[in-house]
Amino acid sequence: MRASQFLLKTKKDDPAEAEIVSHRLMLRSGMIKKVAAGLYSWLPVGLRVFRKVESIVRDEMNKSGAMELLMPTAQPSDLWEESGRWNEFGPELMRFQDRHQRDFCLGPTHEEVITDIVRNEISSYKQLPVNLYQINTKFRDERRPRFGVIRTREFCMKDAYSFHSDEACLANTYQTMHDTYSNIFKRFGLKFRAVIADTGSIGGNSSHEFMVLAESGEDAIAFSDSSDYAANLEKAISLTEKPNDSSKETEKSSSVIATPNIKTIDQLTNFLKIDVQKTIKTLVVKNITNDKETFYALVLRGDHQLNEVKTKNHLKISGDLQFASDDEIKTLLGCHSGSIGPINLDVNLIIDTAAQNVKNFVCGANEDDKHIINANWSEVSNFETADIRNVLEGDLSPDGKGKIQIKRGIEVGHIFQLGTKYSESMRAKILDENGKDKLMHMGCYGIGIGRIVAAAIEQNNDEKGIIWPDSLAPFLVVIVPINLHKSELVRKTSEDLYNALQNSGYDTLLMDQENKRLGSMLADVELIGIPHIVVIGERDLNDGYIEYKQRLSSESRRIKLEETIKYIADEVQIIK
RNA sequence: CGGGGCGUAGCGCAGCCUGGUAGCGCACUACACUGGGGGUGUAGUGGUCGCAGGUUCAAAUCCUGCCGUCCCGACCA
C-alpha cells in the first residue's frame, strides 16, 4: 500500500474522551472513529488489524473441524419466547418492531437461531457432533459502554455452537475448543490465561474465560503461584484457612459495650484498638420471589469482601443482588446498618466459612451505638455456612498447591458447556442408536474480535505508540524513503524494494508522500506500530546499504540492499 | 439507575465570572524556503458557540428545560 493513496491520518493531541491507553492510541492512530456512545467505525488502518484477528480465528476454527455459517443480526421474538429469554433478558436486549408491529431484537448472541437451524437440519445421532460458527455483529445495549472498543454496544464476535448426543462428547469438543483458543492467543502473541468462570445469564454448567492480562482489565483473576489453578475472582474458591493460633484460643464470655457513633469496621478497630480479623460484619440483602420478600443476613470477617456472584449462586438469585435499604434494616432489626451482628438476629443467617473460624470476635449488638465483644458462634444457632467472600492475595490455592495471586485481565474469550438448556426449551432432539428421542447437548464458544485488537494494544505499547506483534500488524513492513522527490536513486530503490516485498507476500507500506519529512514519517510509523521499518537514504545507499530497525528496539542496523528481503524474512515471527 | 464534569472549526482548548465585532494551537489549501526525528515564513479555507424556550436594546456569556458525551459509583455496614 502506498501512503499517498491510503487514508491514514494521525493526531498529535490525545483525544479528550479517551482514558485508557488502547483507546487513546486507536483514536490517535486513526484506527477507529466514534459514531455514538459504544458505536465505532473501523477506519482502514484499524480494519486491517481487525481482519488479521478475524483470519487467525477463522483459520484455527476451521482447523478444529468447525464449519462457518452466517446468521442474521435481527431476530424474531418468537424464537426468544420459545427459549424463555425474551422475558429473562433485561434492557440489554435491544428490542424493536418492524412495519407490521412484529417484535424483533438485535441478537446479543445466537443460541436461539442456531438451535432452530440444527433442530431442523439434524435428526440423527449419526450427524453429530457438529460445531458451527460465525463471525458476526452483535448488539447489547450496555448500561455503560466504555474503554473504546473494549465495551461497546455493537461489536463483532466469533461465536461457535456445538451439538452432541451426550455429555462426554460435549466435554470432548469443549476441550478441543479450549485448545483451539489457546492456539489462537498464542498466535496473537498475547499473554493470557484460561480461568474458571461463572456462567452468568447464558446459563449452563462448566465455563472458562480467556483473559488477556492487562492492568486496565475489568476483571480480577486469581491464580495459584505454583499450580494450574486459575479462576475469575467472582468464582475463585476461598479455602477455609488452616487452624491457626486462634483455634487454641479459649472462648471467653461475651459482653455488650457502648460504641457511640461507631458505624464502620475502620472506626471500630480504631476505637477498640483491635485486629480487624477479630471483627465480624453483617450485611443484609433481600430476595423477592413471587412478590414475597425474604431477607438474608450475610456475615463476613471484617477484612473480607462480599462476593456477589457466589452469594447469588448460593441463594439461587437471578438478577442483581439487592441490598436492604436503611429504612428496611431499621424496620426489620430496630437498629441502623452499622450496628448489625449475628447474635440474636432473627433473619436467615449465612456465615462465611472464614468468619466462622473466628473466636472471641467483635460484632454489632443489633442496637445502635452498641457492639458485642468476645462473641462466639456457640451463641448462635440456626445458620448456614457458605463461601461468600472474595479470595485475597496470599490465600491458599483451592487445589492445595501454592498461594493465590491476583491480576487483572480483559475477557477476550468465553467457552461454555450449556448442556440441554436450549435443546430442552426449544425441543432440539435427535434419534439415538436405539431409535429413541434424545435431547442434544450443547456448547457455545465466543471470542470478541474488536476487543482483542484493544487488548493487544493494552499489552504492547510505549510512549511513542503501539507495538504490534507481527501476526496482528496492519502492515508488517514500512519503507521510509528520505528525500524521495530529490533523489532518483532513493525513489527507484524504494519502489523496487516495495514491489519485491509485496511480491514476497509481506504487507508493506511505502511512505511515498513527497512533502513529509523523516521525523514526521517516523512518528506516524511508530504511533501506528509497524514492526519492521526500512529507512532508505542516499547516504547509505551510495555504499549499497539500507537501514533496518524494529519498532520494538531503538537500535538500527545497516543491511546490504540486496539482502533486505532475506533479512526481514529471518526477523519476522509469525506462528502458523 | 445515582453523583460529578464537559459540550465553542476535523482534533485539542481559551473566551462565560463582569452580556456588546468568535479566538488560539494542531490539521487543511496556495506559494516560497527547508530537507536524517512531528520544520519556517507569508497568505488563506473552515463555526446555526449541543437543542429549545426565557430575560435583555443586545446572549457563546445570565435563567429554565431537554439532549449528547465522559468519568466515578451502583458490596465493604
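Quick note on labels: first sequence line is chain A, next is B, and so on, each numbered from 1.
Here the side chain of L306(A) is nearest to one of G36(B), C75(B), G35(B), namely C75(B). For N483(A), the side-chain atoms get nearest to G35(B) when compared with the rest of C75(B), G35(B), A27(B). When distances are taken from the side chain of E526(A) to each of G37(B), C70(B), G12(B), the shortest belongs to G37(B). Comparing C26(B), A77(B), C72(B) by their closest approach to the side chain of K12(A) singles out C26(B). Across C70(B), G36(B), C13(B), the shortest atom-to-atom separation from the side chain of R539(A) is found for G36(B). Closest to the R146(A) side chain, of the nucleotides C70(B), A74(B), G12(B), is A74(B). Of the listed nucleotides (C13(B), U69(B), G37(B)), U69(B) has the atom at the smallest distance from the side chain of A37(A).
Note on R144(A): every side-chain N or O is 4.0 Å or more away from OP1 and OP2 of A74(B).
Taking atom C1' in both A14(B) and A22(B), the straight-line distance is 11 Å, to the nearest Å. U64(B) sits 40 Å from C28(B) when the C1' atoms are compared, rounded to a whole Å. Between G37(B) and C11(B), the distance separating the two P atoms is 32 Å to the nearest Å. One C1' atom belongs to C75(B), the other to U69(B), and the distance between them is 28 Å to the nearest Å.
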- Begin from the C-alpha positions of R301(A) and D303(A) and carry the test salt bridge (Lys or Arg N to Asp or Glu O under 4.0 Å) through to its verdict. CA-CA 6 Å; R301(A) 207 172 74 187; D303(A) 58 328; 2.8 Å; yes
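In this structure, N515(A) and G338(A) both approach RNA chain B, and ranking their closest nucleotides by distance from the 5' end singles out N515(A). In terms of position along RNA chain B, the nucleotide closest to K486(A) lies nearer the 5' end than the nucleotide closest to the other residue of the pair K486(A) and S339(A).
As judged by a 4.0 angstrom heavy-atom cut-off over every strand, H485(A) is placed among the base-contacting residues. In this structure, K263(A) reaches the sugar-phosphate backbone alone: every heavy-atom distance under 4.0 Å involves primed, P, OP1 or OP2 atoms, never a base. At the heavy-atom level, Q305(A) lies under 4.0 Å from base atoms of the strands shown. Among the heavy atoms of the strands, none lies under 4.0 Å from I340(A). Using a 4.0 Å heavy-atom distance criterion, D14(A) is classed as a sugar-phosphate-only contact. Note on D524(A): a base of the nucleic acid sits closer than 4.0 angstrom, heavy atoms only. Within 4.0 Å of E514(A), counting heavy atoms only, lies at least one base atom of the nucleic acid. If you check every strand for non-hydrogen atoms under 4.0 Å, K330(A) touches nothing.
Following rounding to the nearest Å, D13(A) (CG) and A14(B) (P) show an atom-to-atom distance of 13 Å. In this structure, CZ of R24(A) is placed 15 Å from C1' of C70(B), rounded to the nearest angstrom. When rounded to the nearest whole Å, the span between CZ of F271(A) and C1' of A77(B) equals 17 Å. L8(A) has its CG atom 12 Å from the P atom of C28(B), to the nearest Å. Straight-line distance from the CG atom of L300(A) to the P atom of A77(B): 11 Å, rounded to whole Å. In this entry the distance linking NZ of K286(A) with C1' of C75(B) reads 16 Å, nearest Å. Whole-Å rounding puts the D543(A) CG to G36(B) P distance at 17 Å. Note: CG (L392(A)) to P (C76(B)) measures 17 Å, nearest angstrom.
Y567(A) and H532(A) share no donor-acceptor pair across their side chains, judged by distance under 3.5 Å alone. Side-chain contact check for N390(A) and N307(A): at least one donor-acceptor pair (N or O, by modelled atom type) lies under 3.5 Å.
Remark: the R517(A) side chain and the G35(B) base include no donor-acceptor N/O pair separated by less than 3.5 Å. In this model, no side-chain donor or acceptor of R558(A) finds a partner on the base of G36(B) within 3.5 Å.
Of all non-hydrogen atoms in A324(A) and F295(A), the two that sit nearest each other are CB-CE2, 3.9 Å.
Look at E571(A) and R557(A) and you find a salt bridge, because one of the NZ, NE, NH1 or NH2 atoms lies within 4.0 Å of a carboxylate O, short of that distance. The pair K312(A)-E234(A) fails the salt-bridge criterion, with no side-chain N (NZ, NE, NH1 or NH2) lying under 4.0 Å from an Asp/Glu carboxylate O. In this structure, D103(A) does not pair ionically with R95(A), as no charged nitrogen and carboxylate oxygen lie closer than 4.0 Å.
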